[in-house]
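These numbers come from the heavy atoms of this one structure, side chains and all, not from hydrogens, waters or symmetry mates. Chain A is the first sequence line, chain B the second, and so forth, proteins listed ahead of strands; every chain is numbered from 1.
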There are 2 protein chains.
Amino acid sequence: MSSTSTDPSKTDSSKITSSKTVTLNHVAEDAGVSRSTVSLVLRNSPLVAAVTRARVQASIKRLGYVYNRGAASLRSQQSNTIGLIVTNITNPFFAELTVGVEDGLEESRYTALLGNTSDTLKKQNLLLERMQEHRPDGILLCPTDGTSVAQLRRMQKQTPVVLFVRYLPDLEIDYVGADNVKGGEIATAHLISLGHKRIGFVGGPAYSSARRDRLQGYANELRIAGIPVDERLIVVGPMTREGGRQGILELLNQENPPTAAVCCNDLVAVGAMLGLQSVGQIPGEDFAVVGFDDIDEAQLWHPPLTTVALDPHHLGEMAAHLLLERIAKPKGTPRQITLACRLVVRQSSGGPVTAPKPQ
Amino acid sequence: MSSTSTDPSKTDSSKITSSKTVTLNHVAEDAGVSRSTVSLVLRNSPLVAAVTRARVQASIKRLGYVYNRGAASLRSQQSNTIGLIVTNITNPFFAELTVGVEDGLEESRYTALLGNTSDTLKKQNLLLERMQEHRPDGILLCPTDGTSVAQLRRMQKQTPVVLFVRYLPDLEIDYVGADNVKGGEIATAHLISLGHKRIGFVGGPAYSSARRDRLQGYANELRIAGIPVDERLIVVGPMTREGGRQGILELLNQENPPTAAVCCNDLVAVGAMLGLQSVGQIPGEDFAVVGFDDIDEAQLWHPPLTTVALDPHHLGEMAAHLLLERIAKPKGTPRQITLACRLVVRQSSGGPVTAPKPQ
DNA sequence: CTGAAAGCGCTAACAA
DNA sequence: TTGTTAGCGCTTTCAG
């Protein structure tokens, strides 16, 4: 004991138990083993003898040690974190998808960093930047308008990226989304089978690949039925209720309005129904509406919505799995996964068409 | 050039530009300044000369350097990360609240780590543990059933914690939530003013402080009106649509069923409306329903829901601000913030009561 | 205003 | 099986 100092705060370094954070060093000391042994125990290495392990674990518990993943990341070059960037968490579709991602991650050791872009390039770039500062091991992104392919390509070199819901042209990248073309086809085929001849397509921003594909399916099916695709019946707008309301009114104000519409998603569809009601038309009677997504609310609206059901939870899980796979095997060839969807018929698409009602 | 080595990979250490990650060292070297100067520039310190700053920033851009926040955290002991734990992101109320938190954080340098407990203690504990490994600078928690006060008290010593939406008894802690007692009162007063004498209270788990307070308000108002509180009219259940459906049916099956009900939230309320419809009763005509939250969907349902409006976005923002404040001033006295709420009358509560319709 | 030196808490060789 | 020795990339005194 070299007690030359009279300052009581300068005790032997080993004695500073105070209220500071407990580190792996403290555990090692307490258990009477080296730091590497503790590290091995923390990571469940089988190289540690059972007795040693038990002793270390006892110390961990006793001292209330909690692992510092940040410090580990610095050394090991992996953060055990992934970034999840959605366009709108407020859309039940994405909310469900988010819990799907979480569930898909549950078994793994990853935690998700969540970001919401509000479908805005500015926020997306900000988020991407912030997230990269945290060195996520992978990124799950639903790209918004104007997302730079070059930027994404650059990012991919550093961090695995998987796109979901929307993809980008000219980019070799992992992706999981719904079979939107098929979805557009079955929605349109349903309306055609009901006797509709003039069918509109409402909402969605032109840059959304999901929207493009749904529109593609819509056009395919019209062509098969020998109905010409009329550009005036296709209206662009945000994927929101308000977008749907405005879109349907635009359609109704034309000189030869449609009698039915495929809406880009359920939010747009309910907006369309509100728009119809606001001018005295009854959805499902005077006008047939079909949506996309089958969010929980769809069956509760009035009238209950006919819609193309996707499984967002499953989609989220798949996206998470695909990302984990890519993290494990960064050099593998990108995979494009496309999930089936199915039509759920409810009242908003109504029965067979009668005469179009003049507005 | 001391080209003694024939191995091309063993060049001077300073020349290893390759495809490795660019660090602050590389920037310093490139700009011809010391590492500390770069560090200061990164953190916008005013101590750096304008020319130096410009040179450093040019190097940063040229090399494509991205800040490693994890490394910084290790040294500076702050992660610039906060943990946000909600019970159910799928509930539009929490989805809105989440974006409120993000907006509240936008100005700051913090990023949110999101977790979803599904209102389950097991998941909450798992999340709390994982998050602490990331050393968040603060935690925003909506506590689920069985949350240990002792555990929270322990956590508080390490990391500022603010509770939202639900609080815990016997705990000095920051909290922001709605004025649920008042909310319960105005909802109940509304039904009483319509002439209802037998009013039920449906849904919500007994451990939720939000539910307890709403129930309290309900009871207060009944007492004021001289209506006895009948325990049989108060039914417990999960805060979901299904919980509401079952709850209302339980009420209707009693020998002397109520003519109106205050529901614990909007999800429960719509479930109740579905339940009513399933037995041929028309909400707003045969039975009055009031909800809580005023989620966007509330006005779209059939009939549109009368509800006590909370502002989840604002609540989230407040929670974020309170946390930031507490991070800045960890020793300050905890604050309990309670946000006003207001009644939004729509059709589900109907007009004045007529005679109760036999089921 | 800028630089030198030390170290945050952990992991990864390698040796013993 | 366990210990020793170097850092990971940054910030932080403290001198100049």
- Query: Which pairs with one or both residues in residues 45-69 of chain A pass salt bridge (charged side-chain N to carboxylate O under 4.0 Å, His left out), sequence neighbours excluded?
  - Reply: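 Qualifying pairs, neighbours excluded: D30(A)-R62(A), R69(A)-E133(B).
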- Would you say the side chains of T147(A) and Q124(A) form a donor-acceptor pair under 3.5 Å?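 Q124(A) and T147(A) do have a side-chain donor-acceptor pair below 3.5 Å.
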- Task: Could you verify whether a donor N or O on one side chain and an acceptor N or O on the other, from T120(A) and S118(A), lie under 3.5 Å apart?
- Result: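 No - no donor-acceptor pair under 3.5 Å links their side chains.
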- Message: Between D174(B) and R326(B), does any NZ, NE, NH1 or NH2 come within less than 4.0 Å of an OD or OE carboxylate oxygen?
- Response: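 D174(B) and R326(B): salt-bridged.
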- Item | Nucleotide-resolved protein contact map, nucleotides 7-16 of chain D, B/S/- at heavy-atom distance under 4.0 Å | BBBBBB----
- Starting from C1' on dG9(C), measure out to CD on E133(B) and report it in whole angstrom.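 For the pair E133(B) CD and dG9(C) C1', the rounded distance is 13 Å.
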- Give the rounded distance in Å between these two atoms: CG of L47(A) and P of dT11(C).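 The distance from CG of L47(A) to P of dT11(C) comes to 14 Å, rounded to the nearest Å.
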- Does the side chain to side chain contact (heavy atoms under 4.5 Å, CB included) test come out yes or no for V165(B) and L97(B), once each step is laid out? CA-CA 10 Å; V165(B) 178; L97(B) 190 148; 3.8 Å; yes
- Between T52(A) and dT2(D), does any side-chain N or O lie under 4.0 Å from OP1 or OP2?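 The answer is yes; a side-chain N or O of T52(A) sits under 4.0 Å from OP1 or OP2.
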- Message: Taking 4.0 Å as the cut-off, does a side-chain nitrogen or oxygen of T37(B) come that near to OP1 or OP2 on dT2(C)?
- Response: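 Checking dT2(C) against T37(B), no side-chain N or O comes under 4.0 Å of OP1 or OP2.
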- Item | Contact list for residues 38-48 of chain A, test side-chain hydrogen bond (donor to acceptor under 3.5 Å, both in side chains), sequence neighbours left out |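 Only S39(A)-R43(A) qualify under side-chain hydrogen bond (donor to acceptor under 3.5 Å, both in side chains).
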